[in-house]
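Treat the numbers as computed from the prediction; the structure is a model and nothing was measured. Lettering of chains follows the sequences in order, A, B, ..., and the numbering in each one begins at 1.
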2 protein chains.
Amino acid sequence: MTIGTGTVFHLRSPLASYHLGVKQDVHQLAAQRLRRISQRYTAGRRRIVEVLAAAGHPLTIPEIVGSDSDLATSSVYRNLVTLEHAGVATRIVTSQEHARFELSEPFNRHHHHLVCVDCGKVDDFILPKGVEESLDSALRRAAQKEGFAPTDHRLDLTGTCPDCQAAG
Amino acid sequence: MTIGTGTVFHLRSPLASYHLGVKQDVHQLAAQRLRRISQRYTAGRRRIVEVLAAAGHPLTIPEIVGSDSDLATSSVYRNLVTLEHAGVATRIVTSQEHARFELSEPFNRHHHHLVCVDCGKVDDFILPKGVEESLDSALRRAAQKEGFAPTDHRLDLTGTCPDCQAAG
DNA sequence: TCTGAAAATGAGTATGCTTATCAAAAGATG
DNA sequence: CATCTTTTGATAAGCATACTCATTTTCAGA
Ligand SMILES: [Zn+2]
Ligand SMILES: [Zn+2]
Ligand SMILES: [Zn+2]
Ligand SMILES: [Zn+2]
């Protein structure tokens with residue numbers, strides 16, 4: 001498969017961990033984005049990308065560190081800052097506990113989050129295309145009115161996940 | 001003016017600090033919501049509500065403490081947890097620095113946030129009614145599909161505020 | 001209006017996530 | 001290979017927030 005054909009895989013529901021053609025594409029794109037800011041795609045950074053791609057939902061730093069014994073906590077913190085700055089990883093800020101990370105949009109299809117206020121778990125969901133589009137143009141208009149230069153939007157639905165509903 | 005008439009004041013643009021009829025209504029509703037969870041509407045809690053209502057945009061805890069010399073930092077932290085639990089204040093979590101707080105939805109009309117990624121400032125904006133409604137029903141459908149019990153949604157537009165555009 | 005139990009306060013301290021430090025290791029350059 | 005630069009990782013430090021507990025305030029009941 002050639003690079004950049006954009007064949008969409010759906011490895012799990014509701015979202016694939018990434019929607020680039022093959023795993024190689026993920027690493028090539030990550031390396032390219034790091035090069036753009038004069039950073040190397042080192043083994044440690046590659047392992048983090050690997051773990052995030054395999055998870056398919058946002059992970060905390062302890063989860064990332066725990067899933068690969070070669071990863072040192074301090075380096076994971078430092079490298080996630082670098083990966084975020086390079087546009088490879090995205091930080092998901094929830095009100096409690098640890099921050100969570102997932103691969104950024106070119107690696108992951110555009111989506112939003114269901115955030116459980118009890119256990120902190122985060123799951124992905126997508127909006128219908130029409131809703132997303134009307135939302136997007138409304139946001140552009142709102143930003144323009146305020147002189148705000150938008151880069152991205154975040155939409156979270158907060159509530160209680162099925163597990164916590166059953167528990168409490 | 002009688003309580004609960006719901007006359008809408010617009011004290012500033014784009015959003016009034018609260019849209020209940022008069023200031024007295026704010027405190028009565030706050031007291032009622034605290035009573036519901038067996039908490040008292042003490043002087044310190046009243047001062048916090050006062051400061052948040054006067055600000056008209058989300059404040060950090062240092063800002064709240066600094067705006068009223070009678071407020072102790074530890075009590076403000078503790079009371080904001082209580083006010084949040086009572087449904088009087090809402091915590092706005094941005095990726096950097098301090099959390100920010102504003103009055104909750106019955107005190108404030110429903111709105112969303114422009115978050116500056118450079119300086120952390122948060123401003124309010126509202127979506128056109130139709131967009132908000134189609135978004136809301138799409139969110140309800142998405143939650144139902146996942147067995148998720150939704151309580152609220154958060155929509156942030158991230159980017160650079162006019163000041164930071166000029167500076168950087 | 002007293003009175004006493006329960007709740008709230010606030011200054012200080014502890015917790016714990018995150019980031020800075022810095023010597024060692026790895027990689028680039030030529 | 002020699003040298004310079006970047007990255008690593010164990011440790012320490014920083015810092016927002018939560019906890020502690022003696023004191024103060026509140027409020028229901030006498
Ligand atoms: Zn949950
Ligand atoms: Zn996600
Ligand atoms: Zn700004
Ligand atoms: Zn707001």
field: First encountered from the 5' end of DNA chain D, between B:V81 and B:A43
entry: B:V81
- prompt: Between D:dA16 atom C1' and B:I64 atom CD1, what is the distance in whole Å?
  reply: 14 Å
- request: Check whether A:F148 and B:L127 end up in the same hydrophobic cluster, where Ile, Leu, Val, Met, Phe, Trp and Tyr are linked by side-chain heavy atoms less than 4.5 Å apart.
  value: yes
Tabulate protein N/O versus nucleotide N/O from nucleotides 11-15 of chain C, keeping only pairs under 3.5 Å, one per line.
residue	atom	partner	partner atom	Å
C:dA11	N7	B:S74	OG	3.1
C:dA11	N6	B:S74	OG	3.4

message: Do B:T82 and B:R45 make a side-chain contact, defined as non-hydrogen atoms from C-beta onward lying under 4.5 Å apart?
response: yes
field: Nearest listed nucleotide, side chain of B:R40, among D:dC27, D:dT8, C:dT19
entry: D:dC27
message: Once you apply a heavy-atom cut-off of 4.0 Å, does A:R45 come out as touching a base, just sugar-phosphate, or nothing?
response: sugar-phosphate
- prompt: Who are the ring-ring contact (aromatic ring centres under 6.0 Å, His included) partners of A:H113, not counting sequence neighbours?
  reply: A:H111
- request: Please check the phosphate of D:dT7 (OP1 and OP2 only) for any side-chain N or O of A:N79 closer than 4.0 Å.
  value: no
query: Can a side chain N or O of B:Q39 be found less than 4.0 Å away from OP1 or OP2 on C:dA7?
result: no
- prompt: What is the distance from CG of A:L59 to P of C:dC17, rounded to the nearest Å?
  reply: 16 Å
task: Send over the distance from B:R47 CZ to D:dT25 C1', rounded to a whole Å.
output: 13 Å
task: Please state how far atom OH in A:Y41 lies from atom C1' in C:dA28, giving the value in whole angstrom units.
output: 20 Å
message: Tell me whether B:I64 shares a hydrophobic cluster with B:L103, the cluster being built from Ile, Leu, Val, Met, Phe, Trp, Tyr side chains joined at under 4.5 Å.
response: yes
message: For the CD atom on B:Q32, are there more than 12 heavy atoms of other groups (residues, nucleotides or ligands in this structure) within a distance under 6.0 Å?
response: yes
- prompt: In whole Å, what is the span from the CG atom of A:L71 to the P atom of D:dT7?
  reply: 16 Å
message: Heavy atoms from C-beta onward define the side chain here; which of D:dT7, C:dA8, C:dT18 lies closest to that of A:T42?
response: D:dT7
- prompt: Does the A:E63 side chain pair with the main chain of A:T60, one donor and one acceptor, at a distance under 3.5 Å?
  reply: yes
task: Respond yes when some side-chain nitrogen or oxygen of B:H98 is under 4.0 Å from OP1 or OP2 of D:dT17, and no when none is.
output: yes
query: Is the closest side-chain heavy-atom distance between A:L80 and A:R91 below 4.5 Å?
result: no
field: Strand-adjacent residues in residues 30-38 of chain B, judged by heavy atoms under 4.0 Å from DNA chain D
entry: none
task: List the steps and the verdict of ring-ring contact (aromatic ring centres under 6.0 Å, His included) for A:H112 and B:H153.
output: CA-CA 11 Å; A:H112 300 291; B:H153 67 263; over 10 Å; no
task: Look at all strands and tell whether A:A99 reaches a base, only sugar-phosphate, or nothing, counting heavy atoms closer than 4.0 Å.
output: sugar-phosphate
- prompt: Considering only heavy atoms from C-beta outward, does the side chain of A:V122 approach that of A:H57 to under 4.5 Å?
  reply: no
field: Separation of D:dG14 P from A:Y77 OH (nearest whole Å)
entry: 18 Å
query: A:Q39 and A:H85: side-chain hydrogen bond (donor to acceptor under 3.5 Å, both in side chains), yes or no, with the steps?
result: CA-CA 10 Å; A:Q39 295 285 326; A:H85 186 229; over 6 Å; no
field: Separation of atom CD1 in B:I48 from atom P in C:dG10, rounded to whole Å
entry: 10 Å
task: In whole angstrom, give the distance that lies between atom CD of A:E84 and atom C1' of C:dT18.
output: 13 Å
